[in-house]
Asker: 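The structure that follows is given in the form of structure tokens.
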Protein chains: 2
Amino acid sequence: MEPVAPSKKADRQPTSREQQRLETRRSLAEHAIRLFSEQGYYETTVEEIAAAAGVSARTFFLHFPTKAAAAFPDHDARVQDFITRLHAGAPHTNPLSQLRSALDTGFEGESPSRLVRYRLLSEVPELRDEDARTDRDYEKAIAAYLILHWGESIETEVRANAIANAVIGVVRATLSAGGAYGIDPRAATAEILWRMFGSPFEDPLHSV
Amino acid sequence: MEPVAPSKKADRQPTSREQQRLETRRSLAEHAIRLFSEQGYYETTVEEIAAAAGVSARTFFLHFPTKAAAAFPDHDARVQDFITRLHAGAPHTNPLSQLRSALDTGFEGESPSRLVRYRLLSEVPELRDEDARTDRDYEKAIAAYLILHWGESIETEVRANAIANAVIGVVRATLSAGGAYGIDPRAATAEILWRMFGSPFEDPLHSV
DNA sequence: CCATGTAGGTACAGTGAGTGAAGTTAATAC
DNA sequence: GTATTAACTTCACTCACTGTACCTACATGG
């Protein structure tokens with residue numbers, strides 16, 4: 001339909017090979033999540049997932065480093081998005097309020113299928129571990145961003161890491177504890193962070 | 001030497017069987033940590049650890065659920081200690097300042113061998129995961145303690161969990177980031193928590 | 001449009017963590 | 001002194017994950 005002049009660099013149409021690879025990956029992740037929730041994580045073997053996706057078991061590991069990783073197929077993309085949002089603010093924005101708005105928009109991207117994953121997540125240690133690694137990537141991103149704005153020094157490094165861990169801790173808690181009661185994580189996170197950090201998280205409150 | 005009248009309940013001398021079991025466990029953990037740091041985590045097999053301790057590989061798993069768990073043999077006892085300290089305060093102590101003092105004393109129990117573990121810990125994902133599970137136990141303990149003092153409600157539950165996660169996040173960050181620079185974790189944690197939570201963590205500062 | 005490199009996949013064989021079951025021995029209980 | 005049972009062993013098994021060699025179809029440039 002749309003013949004493409006192949007260009008040396010990026011931004012051309014994906015080639016047939018690339019599409020096929022992505023499709024295989026997507027299919028593996030989809031069947032993995034489906035099987036995990038239908039029959040349980042431990043009751044599902046990698047062989048089974050691969051078979052459902054119509055590839056060999058070996059191929060599974062060409063796409064995901066571990067069985068658990070297939071439950072978080074868009075992890076890297078989400079972290080990248082977050083980092084982009086984090087650095088997207090006007091030059092002299094207060095970094096904490098920029099952080100807050102990056103977190104806020106982050107909640108909006110939650111797909112409904114995430115809910116399925118949350119259930120699995122709370123039950124299966126391997127998946128909790130995988131999710132915790134996710135958190136560490138966010139923490140690193142936040143710490144790096146804060147250090148960038150506050151300047152490099154031992155003191156800021158420790159402070160930045162502490163704040164990053166604390167913030168992600170609050171987000172995780174409101175998502176899991178709050179999620180169980182149908183509380184809006186955006187409002188809860190904002191309120192708690194506001195009490196902890198004061199003004200930068202204060203206003204506007206974006207409350208529900 | 002000391003013949004013991006066996007009593008039905010606790011607090012008698014440990015029997016020979018109990019002693020043997022503890023000794024096997026201790027030996028397994030010791031050799032595990034030694035081998036992990038001498039030749040690397042992935043280069044050490046459970047078989048090897050068991051052989052070094054003079055038992056069969058199967059026995060290893062009668063003492064530890066996973067290979068990684070052997071690197072944290074005193075985990076449960078430490079958490080128990082922490083919980084005890086947490087609830088040891090005078091009846092109407094401010095829960096946050098009680099939390100703070102429980103954390104403070106916690107740092108003192110650090111054995112020198114912990115340092116070896118920290119190095120391993122930062123390098124090996126499996127051990128990081130194991131440590132993160134540790135953190136979750138502390139978080140649960142803190143959240144439960146806060147809820148106990150603040151009363152049960154959805155709001156306090158979310159808040160308590162958020163604060164617990166945040167506090168542990170700060171501790172983890174000061175231990176790992178601060179540890180690299182030889183910063184005293186007690187002082188750094190106290191200072192950061194003080195800025196975050198204000199008065200309850202304020203005074204006395206216990207600075208180095 | 002053809003030659004050729006290569007990306008995505010397969011087949012096979014292996015390692016090592018972790019589990020279930022049945023058996024051995026020696027401390028303990030009665 | 002006999003019966004229990006806790007700690008351990010042996011054996012056989014499953015399954016996650018890896019290394020290697022190979023295959024095949026798409027891609028690319030001459």
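Small disclaimer: the values here were computed from a predicted structure and weren't measured.
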Asker: Could you tell me how far apart B:Arg58 (CZ) and C:dT24 (P) are, to the nearest whole angstrom?
Answerer: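 Distance, rounded to whole Å: 18 Å.
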Asker: Which residue lies toward the 5' end of DNA chain D, A:Phe60 or B:Arg25, if each is placed at its nearest nucleotide?
Answerer: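 Taking each residue's closest nucleotide, the earlier one in sequence belongs to B:Arg25.
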Asker: Below the 4.0 Å mark, does D:dT9 have OP1 or OP2 next to a side-chain nitrogen or oxygen of B:Ser56?
Answerer: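 True: B:Ser56 side-chain N/O within range (under 4.0 Å) of D:dT9 OP1/OP2.
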Asker: Considering every strand and a 4.0 Å limit on heavy-atom distances, what is the contact class for B:Thr45: base, sugar-phosphate, or nothing?
Answerer: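 B:Thr45: backbone/sugar contact only, no base atoms under 4.0 Å.
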Asker: Apply the side chain to side chain contact (heavy atoms under 4.5 Å, CB included) test between A:Ile163 and each candidate in A:Leu146, A:Ile168, A:Val158; give the one that qualifies.
Answerer: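 Result for side chain to side chain contact (heavy atoms under 4.5 Å, CB included) with A:Ile163: A:Leu146.
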Asker: What's the closest nucleotide to the side chain of A:Phe61 if the choices are D:dC17, C:dG18, D:dC8?
Answerer: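 Ranking D:dC17, C:dG18, D:dC8 by closest atom to the A:Phe61 side chain puts D:dC17 first.
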Asker: Rounded to whole Å, how long is the line connecting atom CZ of B:Arg21 with atom P of C:dT28?
Answerer: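 One finds 15 Å between P of C:dT28 and CZ of B:Arg21, rounded.
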Asker: Answer yes or no: is there a donor N or O on one side and an acceptor on the other, between the side chain of A:Thr156 and the main chain of A:Gly151, under 3.5 Å?
Answerer: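 Flag set: sc A:Thr156 to bb A:Gly151 pair under 3.5 Å.
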Asker: Find the distance A:His63:NE2 to C:dG8:P and express it as a whole number of Å.
Answerer: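 Result: 8 Å.
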Asker: In whole angstroms, how far is the C1' atom of D:dA16 from the NZ atom of B:Lys67?
Answerer: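 Taking NZ of B:Lys67 and C1' of D:dA16, I get 14 Å after rounding.
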Asker: Grab the OH-P distance between A:Tyr42 and C:dT19 for me, whole Å please.
Answerer: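 Interatomic distance, OH of A:Tyr42 to P of C:dT19: 10 Å.
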Asker: Look only at the side chain of A:Thr93 and the backbone of A:Gly89, and say whether a donor-acceptor pair between them is shorter than 3.5 Å.
Answerer: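 Not confirmed, A:Thr93 side chain does not pair with A:Gly89 backbone.
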Asker: Would you call A:Glu47 and A:Arg58 a salt bridge, using N to O less than 4.0 angstrom?
Answerer: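 Here A:Glu47 does not pair with A:Arg58 in a salt bridge, since their nearest N and O are not under 4.0 Å apart.
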Asker: Return whichever of A:Gln20 or B:Thr44 has its heavy-atom-nearest nucleotide of DNA chain C closer to the 5' end.
Answerer: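 Its nearest nucleotide being more 5', the pick is A:Gln20.
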Asker: Find the distance A:Glu47:CD to D:dA16:P and express it as a whole number of Å.
Answerer: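 Answer to the nearest Å: 9 Å.
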Asker: Can you check the A:Arg17 CZ to C:dG9 P distance for me, whole Å?
Answerer: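 Those two atoms, CZ and P, are 11 Å apart.
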Asker: In whole angstrom, give the distance that lies between atom CZ of A:Phe36 and atom P of D:dC15.
Answerer: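 To the nearest whole Å, that distance equals 14 Å.
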Asker: OP1 or OP2 of D:dA7 versus the side-chain N and O atoms of B:Thr24: is any pair under 4.0 Å?
Answerer: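 So the side chain of B:Thr24 is outside the cut-off, no N or O lying under 4.0 Å from OP1 or OP2 of D:dA7.
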Asker: For A:Gln39, I'd like to know if atom CD has over 12 heavy atoms of other residues, nucleotides or ligands within 6.0 Å.
Answerer: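 Result for CD/A:Gln39: enclosed.
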